[in-house]
Amino acid sequence: MPEIRVTPLGAGQDVGRSCILVSIAGKNVMLDCGMHMGFNDDRRFPDFSYITQNGRLTDFLDCVIISHFHLDHCGALPYFSEMVGYDGPIYMTHPTQAICPILLEDYRKIAVDKKGEANFFTSQMIKDCMKKVVAVHLHQTVQVDDELEIKAYYAGHVLGAAMFQIKVGSESVVYTGDYNMTPDRHLGAAWIDKCRPNLLITESTYATTIRDSKRCRERDFLKKVHETVERGGKVLIPVFALGRAQELCILLETFWERMNLKVPIYFSTGLTEKANHYYKLFIPWTNQKIRKTFVQRNMFEFKHIKAFDRAFADNPGPMVSGGIAALNHPPVVFATPGMLHAGQSLQIFRKWAGNEKNMVIMPGYCVQGTVGHKILSGQRKLEMEGRQVLEVKMQVEYMSFSAHADAKGIMQLVGQAEPESVLLVHGEAKKMEFLKQKIEQELRVSCYMPANGETVTLPTSPSIPVGISLGLLKREMAQGLLPEAKKPRLLHGTLIMKDSNFRLVSSEQALKELGLAEHQLRFTCRVHLHDTRKEQEMALRVYSHLKSVLKDHCVQHLPDGSVTVESILIQAAAPSEDPGTKVLLVSWTYQDEELGSFLTSLLKKGRQLTQPPPLPSPSWTEPGLHVSTVGALSEQTLQVPSLGTETMCHVPTQAAVSS
Amino acid sequence: MKLTYCLSGHPTLPCNVLKFKSTTIMLDCGLDMTSTLNFLPLPLVQSPRLSNLPGWSLKDGNAFLDKELKECSGHVFVDSVPEFCLPETELIDLSTVDVILISNYHCMMALPYITEHTGFTGTVYATEPTVQIGRLLPSPLKDAVEVSTWRRCYTMQEVNSALSKIQLVGYSQKIELFGAVQVTPLSSGYALGSSNWIIQSHYEKVSYVSGSSLLTTHPQPMDQASLKNSDVLVLTGLTQIPTANPDGMVGEFCSNLALTVRNGGNVLVPCYPSGVIYDLLECLYQYIDSAGLSSVPLYFISPVANSSLEFSQIFAEWLCHNKQSKVYLPEPPFPHAELIQTNKLKHYPSIHGDFSNDFRQPCVVFTGHPSLRFGDVVHFMELWGKSSLNTIIFTEPDFSYLEALAPYQPLAMKCIYCPIDTRLNFIQVSKLLKEVQPLHVVCPEQYTQPPPAQSHRMDLMIDCQPPAMSYRRAEVLALPFKRRYEKIEIMPELADSLVPMEIKPGISLATVSAVLHTKDNKHLLQPPPRPAQPTSGKKRKRVSDDVPDCKVLKPLLSGSIPVEQFVQTLEKHGFSDIKVEDTAKGHIVLLQEAETLIQIEEDSTHIICDNDEMLRVRLRDLVLKFLQKF
């Protein structure tokens with residue numbers, strides 16, 4: 001039995017280090033190759049030894065697909081390809097291919113330069129890894145090999161994020177990666193067609209959340225920032241360099257412009273400025289509004305948002321005098337990374353945490369173990385490295401700007417794609433449980449939520465494509481056009497299997513193609529009748545009898561004295577010994593067996609032929625198999641039943657059963 | 001039946017309709033604009049020279065047209081708004097067209113004529129750059145023509161309505177049409193987003209090649225491999241200047257430009273706002289510094305100049321590899337961004353406004369329309385035409401430069417003809433055909449003979465085996481291939497029930513009896529329904545209504561019957577008193593007791609018996625044991 005097998009190596013009932021193995025029709029595909037932000041040990045990368053203990057990954061995996069550039073989806077890629085060793089193709093979209101190496105390098109720097117980790121992947125490894133990448137367009141069908149094809153769909157979420165359909169023959173799996181079902185200020189909404197996959201693997205970060213309107217959240221956000229700045233505080237917004245940062249920048253930029261505010265907004269790293277360039281160059285990946293207006297005004301060219309000099313962070317209070325005259329207000333700062341687990345955002349946080357006038361706004365999800373997660377869960381005394389304790393006096397706000405689909409969005413996507421079953425990843429087990437029930441009850445679709453290392457097996461029953469000869473198909477379809485043929489009909493043909501080439505042709509064509517002669521099987525039955533008349537006369541009587549009985553058939557009287565019904569031949573003969581007996585010879589081929597055998601019984605019972613017309617109805621209730629039908633019919637109609645299709649359709653069925 | 005209806009006679013602005021498996025597919029809808037050359041230019045400001053041209057009258061003195069016809073240097077021109085040569089609209093009912101496939105932005109200018117007011121209800125497929133740039137292209141007309149006379153061309157409303165029918169597609173995207181046909185755009189290497197199309201079913205493949213290039217300019221390279229194994233390859237949009245080498249022309253362009261500017265003259269380059277201009281600007285970017293021309297201003301004047309330059313930078317995914325990798329840095333893919341940044345290149349929507357303040361001479365002006373009949377170029381022709389210091393350099397190949405210049409004669413300005421047409425030339429075509437090996441080639445008749453002006457150049461035509469089938473405007477062509485097979489799916493349950501038997505080494509057979517389901521042009525074979533169990537009397541009749549009307553056809557038989565074994569089998573089944581007689585062609589087996597005779601020959605068996613159905617069926621089954629069913 002063919003089956004689809006799915007094993008999460010990461011992101012199974014968890015958020016972080018997304019990595020899912022899929023086996024479909026003999027092909028093995030790895031979906032994402034992420035790192036876990038909550039761990040600094042072995043657990044930060046997926047356990048690739050699960051794939052194969054001995055032997056090269058390249059031999060086992062047909063391809064790797066990266067859904068988007070977030071490190072929890074691609075952070076382990078150089079480790080996987082260069083240190084564990086994989087040389088096969090890695091597929092991702094163009095923007096992902098452009099941005100992914102920059103984030104990887106950033107990640108590497110933090111790990112190696114700041115934390116001093118040894119045995120980490122190197123810059124060269126990132127470069128080598130990226131050489132194995134094949135970029136895909138949206139909706140392009142990429143033929144990985146002769147059988148395996150993949151196709152990317154727009155996923156929203158971040159620039160270049162994609163959902164992927166993996167297809168072999170008629171079996172398919174869709175992996176969503178992270179996606180967003182509502183358009184935001186810079187990206188559009190995820191979309192997929194009704195592709196009816198066998199399985200939809202979806203993220204479920206916000207499995208239990210149904211978020212209020214985005215407008216409200218935006219208003220809240222702007223209000224909080226504005227109030228803090230008004231009372232002379234500083235606002236820290238930890239973000240990842242790409243994604244939310246751009247959305248919030250567009251938001252603040254338009255607000256600043258509308259309110260005519262002069263308070264400077266800063267971006268913490270050079271990286272983010274560069275990031276904006278990517279957005280400018282990949283405009284077709286943004287939302288409709290930005291795409292439409294970019295010629296007049298590129299939304300990613302900010303007027304109020306400037307690059308940040310680290311010295312500002314040390315300034316304890318409102319900057320009355322500074323090197324730059326414009327800086328007479330406390331800044332609003334976007335700093336990376338978004339979960340306050342390292343880097344500049346953490347540095348600034350430590351400096352500003354002590355002042356209750358300041359505010360930190362966490363605009364996204366924080367993984368367990370990060371400072372972001374700790375302060376969001378209410379912790380106000382943080383143990384930093386070196387046993388220092390940091391007291392958090394600044395205000396902590398959480399605004400959900402994460403571009404993940406909420407429960408409603410996930411249900412919506414499932415409805416769009418119409419999968420046979422759903423598998424949840426990238427979420428917390430408890431929340432998944434809730435969503436799983438919801439999907440099973442509301443959508444009546446079976447739903448799975450395997451933990452890491454756990455395998456889900458789905459049996460599939462793919463149909464087999466073959467080529468049917470057009471002659472045969474058209475013959476059948478033409479029959480299908482007949483008025484009676486609303487009901488499905490039986491099609492007969494011969495399937496010729498040569499290597500992997502399957503063709504369905506008519507039996508005649510099959511014989512011809514194989515150079516085989518047809519073997520004709522013919523029957524001739526002698527029907528003895530008591531009749532003194534001449535053969536010719538008999539034949540004539542038989543003819544007129546059959547003609548009147550078999551209204552739906554072609555009955556002919558040939559010049560040589562024989563009678564035909566369709567292709568069945570009836571001849572009258574006189575055996576020499578007895579002038580009072582005549583023999584009717586009824587002859588037919590195997591293909592006409594039903595009609596032939598029916599005729600003989602009809603003629604045998606039709607000894608009344610000798611009597612003058614009008615012919616009484618032959619009492620043919622005896623001979624065998626079609627008793628009930630025919631009997632019922634003749635009872636009902638009280639007339640000579642015609643040998644119509646109604647009767648004929650039963651005879652063969654039963655004959656077939658009996659033979 | 002696969003027929004092509006040829007609605008356009010212009011080989012580079014094609015408009016063909018393909019009927020394939022009950023779908024009607026229009027391939028491109030190009031608008032032949034060469035007729036504009038017969039009209040007088042439409043000046044931006046009134047030109048005394050043009051308005052004072054003498055009227056033209058027939059030799060017999062009949063002057064009924066003298067208001068409409070004007071004469072200039074021995075040529076006659078129509079003094080009105082240009083009219084265009086539309087594709088044929090009578091050859092086929094346009095409302096029956098299901099889809100229109102667009103190959104590049106030059107080949108969609110007749111779209112509103114096809115999609116509006118014709119009853120067309122289908123979908124148009126094109127790539128995003130094609131649509132975005134195509135949207136920019138007709139604009140010179142829009143600005144030049146007063147609204148009241150606009151009817152002769154289409155209105156902006158009609159343009160927008162036509163554009164709204166376009167569905168965006170990406171290269172190698174498989175698009176299903178009614179479940180019957182799949183169409184796929186492929187990169188054609190000619191322009192941003194330009195595509196060739198594959199139209200295929202599971203067993204037939206038609207490739208439509210239109211405007212392709214094998215040169216490395218800015219677009220993604222041409223996808224040749226996917227064109228392989230075509231039954232028919234429709235070949236249009238070859239180079240219009242087969243004798244000119246684009247590289248050489250670019251060199252000439254630069255050197256002539258430099259020469260003129262150094263002598264204090266101005267250079268006028270009539271061009272489309274998108275396409276080759278990107279390559280020219282890139283060449284100049286590299287050239288001007290080395291030629292010491294960095295201080296010479298480059299002006300690009302078009303209502304869509306800004307849009308065109310901006311759009312070119314955002315289609316990274318549609319560009320060649322070199323340009324793509326620049327975007328990864330991230331840097332703009334085209335160097336004209338730097339030319340603009342450093343103020344070497346300036347762009348203006350028209351000559352009015354800012355341009356008149358910034359205008360410095362000598363300079364280089366890129367502007368449209370290349371026919372010199374409308375757009376800002378008309379103004380520069382009037383302005384610079386009288387001085388021999390100035391030069392006009394023709395780079396667009398669509399219009400004859402001599403005809404374009406005719407209404408401006410006499411001219412003092414120098415005229416250089418450097419047509420840059422990167423589309424396939426005949427050498428490349430023959431290489432391509434060798435590579436992709438189509439069974440048949442179909443092309444416009446112009447490609448099957450040398451150009452009229454160079455009738456001795458037998459190399460300037462398509463040479464392939466079998467010879468290409470040619471078409472001309474308003475002709476209907478039957479494509480030379482016959483469909484033989486169609487895809488059908490066998491349900492797994494049915495597949496499991498099939499019993500294959502090996503007939504020859506490597507070839508197996510299975511007889512199939514199944515129910516055919518056809519929905520949305522997809523065919524499916526399901527297992528036959530189980531025969532209804534006979535129940536009694538009248539109820540049975542009812543049941544029989546539900547049982548599908550499946551008239552059993554008996555299979556054909558093949559094989560032969562070995563007499564000895566057959567006799568043994570008969571004996572085993574209780575027949576005795578068997579006699580075998582040899583005949584000329586085989587044997588006769590006699591069952592004397594049953595008064596039955598069985599004639600056995602190589603390819604036939606004949607059972608002759610009394611009317612005893614039981615006996616007959618027994619004998620039949622014994623015979624069938626030796627035969628194979630088909």
Side-chain angles (χ1 to χ4, degrees), chain A residues 94 98 137-141 274 277-278 281 283-284 295 461 463-470 473 476 487-498 504 507-508 510-511 514 516-527 590-591 593 597 600 604 628-629 632 649 652-653 656-657 659, chain B residues 128 170-174 306-307 310 314 316-317 327-328 330 483-492 495 500 503 507-516 528 531 537-538 540-541 548-559 603-611 613 616 623 627 630:
Chain A
H94 282 274
H137 295 255
L138 280 182
H139 300 167
Q140 172 191 12
T141 299
K274 210 168 156 187
H277 279 294
Y278 284 112
L281 293 170
I283 289 284
V295 175
S461 54
S463 52
I464 293 143
V466 304
I468 183 169
S469 89
L470 212 58
L473 182 68
E476 288 303 315
K487 303 168 187 168
R489 291 170 31 83
L490 273 194
L491 172 145
H492 294 270
T494 303
L495 188 63
I496 306 179
M497 292 164 275
K498 190 179 172 188
L504 184 60
S507 307
E508 294 88 343
L511 281 177
L514 294 165
L516 297 174
E518 187 191 340
H519 188 103
Q520 211 183 51
L521 177 55
R522 178 168 275 281
F523 304 99
T524 300
C525 272
R526 296 182 292 256
V527 180
Y590 173 64
Q591 283 72 29
E593 190 172 31
S597 122
T600 53
K604 192 171 162 193
S628 53
T629 319
C649 85
T653 317
V657 170
S659 63
Chain B
E128 185 168 2
Y171 288 150
S172 305
Q173 179 176 350
K174 294 177 178 173
N306 187 27
S307 300
E310 288 287 339
I314 65 160
E317 292 169 74
V327 174
Y328 288 2
R483 291 179 50 221
R484 307 257 299 276
Y485 286 95
E486 177 67 276
K487 186 185 156 185
I488 194 164
E489 303 252 335
I490 296 185
M491 292 269 288
I503 294 288
I507 302 179
S508 299
L509 291 185
T511 51
V512 178
S513 283
V515 177
L516 172 68
K538 287 170 187 169
R540 170 63 197 276
K541 177 82 168 78
D549 178 19
C550 30
K551 185 178 166 189
V552 171
L553 286 170
K554 289 277 178 176
L556 296 182
L557 303 172
S558 180
D603 286 332
S604 70
T605 301
H606 194 168
I607 300 174
I608 301 160
C609 61
D610 274 345
N611 186 14
E613 186 69 6
R616 190 185 66 79
V623 168
L627 297 175
F630 283 84

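Proteins get letters first, then strands, A, B, ... in listed order; numbering begins at 1 in each.
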*Residue, of B:Gly170, B:Ala316, B:Ala510, B:Ala495, that accumulates the most heavy atom pairs under 4.5 Å with chain A*: B:Ala510

*Considering all heavy atoms, the nearest B:Gly559-A:His519 contact*: O-ND1, 2.8 Å

*Checking heavy atoms, do the side chain of B:Ile503, its backbone, both or neither come under 4.5 Å from chain A?*
side chain

_When you measure from the side chain of A:Tyr278 to the backbone of B:Tyr328, do you find a donor-acceptor pair of N or O atoms at a distance under 3.5 Å?_
yes

*Below 4.5 Å from any heavy atom of chain A, which atoms of B:Glu613 appear? Answer side chain, backbone, both or neither.*
side chain

*Pick from B:Glu317, B:Glu486, B:Glu489: which one has the most heavy-atom pairs with chain A under 4.5 Å?*
B:Glu317

_Between B:Met491, B:Arg484, B:Glu128, the one whose heavy-atom pairs under 4.5 Å with chain A are most numerous_ = B:Arg484

*Might you point out which heavy atoms bring A:Gln591 and B:Leu557 nearest each other, and give the distance in Å?*
NE2-N, 4.1 Å

_Part of B:Val623 lying under 4.5 Å from any heavy atom of chain A_ = side chain

_Best-contacting candidate, A:Leu521, A:Leu138, A:Ile283, against chain B by heavy atom pairs under 4.5 angstrom_ = A:Leu521

*asked:* Among residues at least two apart in sequence or on other chains, which ones pass side-chain contact (heavy atoms from CB on, under 4.5 Å) with B:Gln173?
replied: A:His139, B:Val169, B:Ile175

*When only pairs under 4.5 Å are counted, which of A:Ile468, A:Val295, A:Thr141 shares the most heavy-atom pairs with chain B?*
A:Ile468

*Cation-pi, A:Tyr590 ring and A:Arg522 (6.0 angstrom, 45 degrees)*: no

_Does the plane of the ring in A:His137 sit parallel, tilted or perpendicular to the ring in A:His94? Use 30° and 60° as the thresholds._
perpendicular

_Tell me whether B:Ser604 contacts the main-chain N or O of A:Gln520 through its side chain, where contact means a donor paired with an acceptor under 3.5 Å._
no

*Just give me the residue among B:Asn306, B:Ile608, B:Val327, B:Val512 that pairs up with chain A most often, heavy atom to heavy atom, under 4.5 Å.*
B:Val512

_Contact leader toward chain A among B:Leu627, B:Ile507, B:Asp603, where contacts are heavy-atom pairs under 4.5 Å_ = B:Asp603

*Is a side-chain N or O of A:His492 found less than 3.5 angstrom from the main chain of B:Ser513, in a donor-acceptor match?*
no

*Check whether B:Ile488 gets within reach of chain A through its side chain, its backbone, both or neither, counting any heavy atom under 4.5 Å.*
both

*asked:* Only pairs of heavy atoms separated by less than 4.5 Å count here; which of A:Leu495, A:Ile496, A:Leu504 has the most with chain B?
replied: A:Leu495

